[in-house]
Amino acid sequence: IFDRNGRQLVFNEPSFDLVVIPAFLPNNLPERVELIRKLSSITNQPEEEITSLVESRGNYSLSEIVIQEMIGHKPALSIESQVGEMDGVYLIQKNFRKYTDGKYFSHILGYVGNISPKELSQNKDYAITDTIGKLGIERYYEKDLRGINGEKRFDADSFRQQEGSIITKEPVPGNDLLLTVDYGLQTKLYDSLLGMLKKLNLRKAAATIINPQNGEILALVSFPSFN
């Protein structure tokens, strides 16, 4: 997402999620218990919590269950070396949204968050591990910004052991979005209004700068703000 002059306001930063697929976990109970024990040691999460997550989906579920999310690059390398040979355990790359100068643009850009059960029921092409626009531009232009997920289909033998993987669909990146908002005017309006509120000992206010020739919104500020 960019301002009217091409200044980038939102970035996609790479991160990793550690997930399990119950259907590909070991069938043998002692082996499964040992795998969960190792996951607990790696992630510092209680064994009971991981077991409960897996059991809540059922042993034959093909859905991804997130054990740990938002893992940075260096920790991901360490984790990958430990889980690489574990059946049913995968480290998948995702992106998270990073907002530059978030306090200035929060009411315009909004934010994304984990998809809720209600949102999931209304968006059949989303997964339970996906994020979705919750407010502002992120919500209104969700379909345009999101892109299309890639698809990886696993082959498994009769013992539910993964034999390989076939990439059936490549991911498609989302569209860029150019706003009418001007970065300089937005930050100046925000700082000016904030200074006025402090001077008057007030908390709530809103202000907008509009181009009278075409109605374009050049700046939009509302207090209280959030980041």
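What you see is a predicted model; the values in this text were computed from it and never measured. Here, residue 1 is the first one in the sequence, and each next residue gets the next number.
At least one side-chain heavy atom of Lys143 sits under 4.5 Å from a side-chain heavy atom of Asn123. At least one side-chain heavy atom of Leu220 sits less than 4.5 Å from a side-chain heavy atom of Thr208. Between Phe16 and Glu80, every side-chain heavy-atom pair lies at or beyond the 4.5 Å cut-off. Side-chain contact check for Tyr183 versus Asn5: every heavy-atom pair is 4.5 Å or farther apart. Put simply, the side chain of His73 does not reach to within 4.5 Å of the side chain of Pro14, judged on heavy atoms. Annotation: side chain of Ile1 is in contact with side chain of Arg97 (closest heavy-atom distance under 4.5 Å). In this structure the side chain of Ile79 reaches within 4.5 angstrom of the side chain of Val83, judged on heavy atoms.
Not a single donor-acceptor pair under 3.5 Å links the side chain of Asp17 to the backbone N or O of Val19. In this structure a side-chain-to-backbone donor-acceptor pair under 3.5 Å is present from Arg57 to Glu64. Listed for the Ser15 side chain is no donor-acceptor partner under 3.5 Å among the backbone atoms of Gly72. Of the possible polar contacts, one joining the Ser81 side chain to the Ser78 backbone as a donor-acceptor pair under 3.5 Å is found.
Salt-bridge check for Lys134 with Glu119: passed, with a basic side-chain N closer than 4.0 Å to an acidic carboxylate O.
For the side-chain contact (heavy atoms from CB on, under 4.5 Å) with Leu145, the qualifying choice from Asn175, Asn12, Leu177 is Leu177, the only one to do so.
Rounding to the nearest 0.5 Å gives a distance of 11.5 Å between CG of Asn28 and CG of Asp87. One finds the CG atom of Leu39 at 9.0 Å from the CD atom of Gln45 (value rounded to the nearest 0.5 Å). For the atom pair CG (Leu120) and CG (Asp125), the distance works out to 10.0 Å, reported to the nearest 0.5 Å.
The minimum heavy-atom distance linking Lys103 with Tyr190 is given by the pair O-CE1, 3.2 Å. Val10 approaches Tyr99 most closely through the heavy-atom pair CG2-CD2, 3.6 Å. The minimum heavy-atom distance between Gln82 and Ile42, with the atom names listed, is OE1-CG1, 3.4 Å. The two atoms that bring Thr180 and Arg4 nearest to each other are O-NH1, 2.6 Å, heavy atoms only.
With sequence neighbours excluded, no residue forms a salt bridge (charged side-chain N to carboxylate O under 4.0 Å, His left out) with Asp176.
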Donor-acceptor pairs under 3.5 Å, side chain of residues 104-115 to any protein atom, not counting sequence neighbours: which ones?
from: Tyr104; atom 1: OH; to: Asp191; atom 2: OD1; distance (Å): 3.2
from: Tyr104; atom 1: OH; to: Asp191; atom 2: OD2; distance (Å): 3.4
from: Ser106; atom 1: OG; to: Ser225; atom 2: OG; distance (Å): 3.0
from: Ser106; atom 1: OG; to: Phe226; atom 2: O; distance (Å): 2.7
from: His107; atom 1: NE2; to: Ser222; atom 2: O; distance (Å): 3.4
from: His107; atom 1: NE2; to: Pro224; atom 2: O; distance (Å): 2.9

(request) Take Arg37 and Glu34, measure what salt bridge (charged side-chain N to carboxylate O under 4.0 Å, His left out) needs, and give me the verdict at the end. (result) CA-CA 5 Å; Arg37 185 194 67 78; Glu34 177 62 16; 2.6 Å; yes
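Cluster partners of Val172, using a side-chain heavy-atom cutoff of under 4.5 Å among ILVMFWY residues and allowing indirect links, are Ile148.
Around the CZ atom of Phe2, the shell of radius 6.0 Å holds more than 12 heavy atoms that belong to other residues, nucleotides or ligands.
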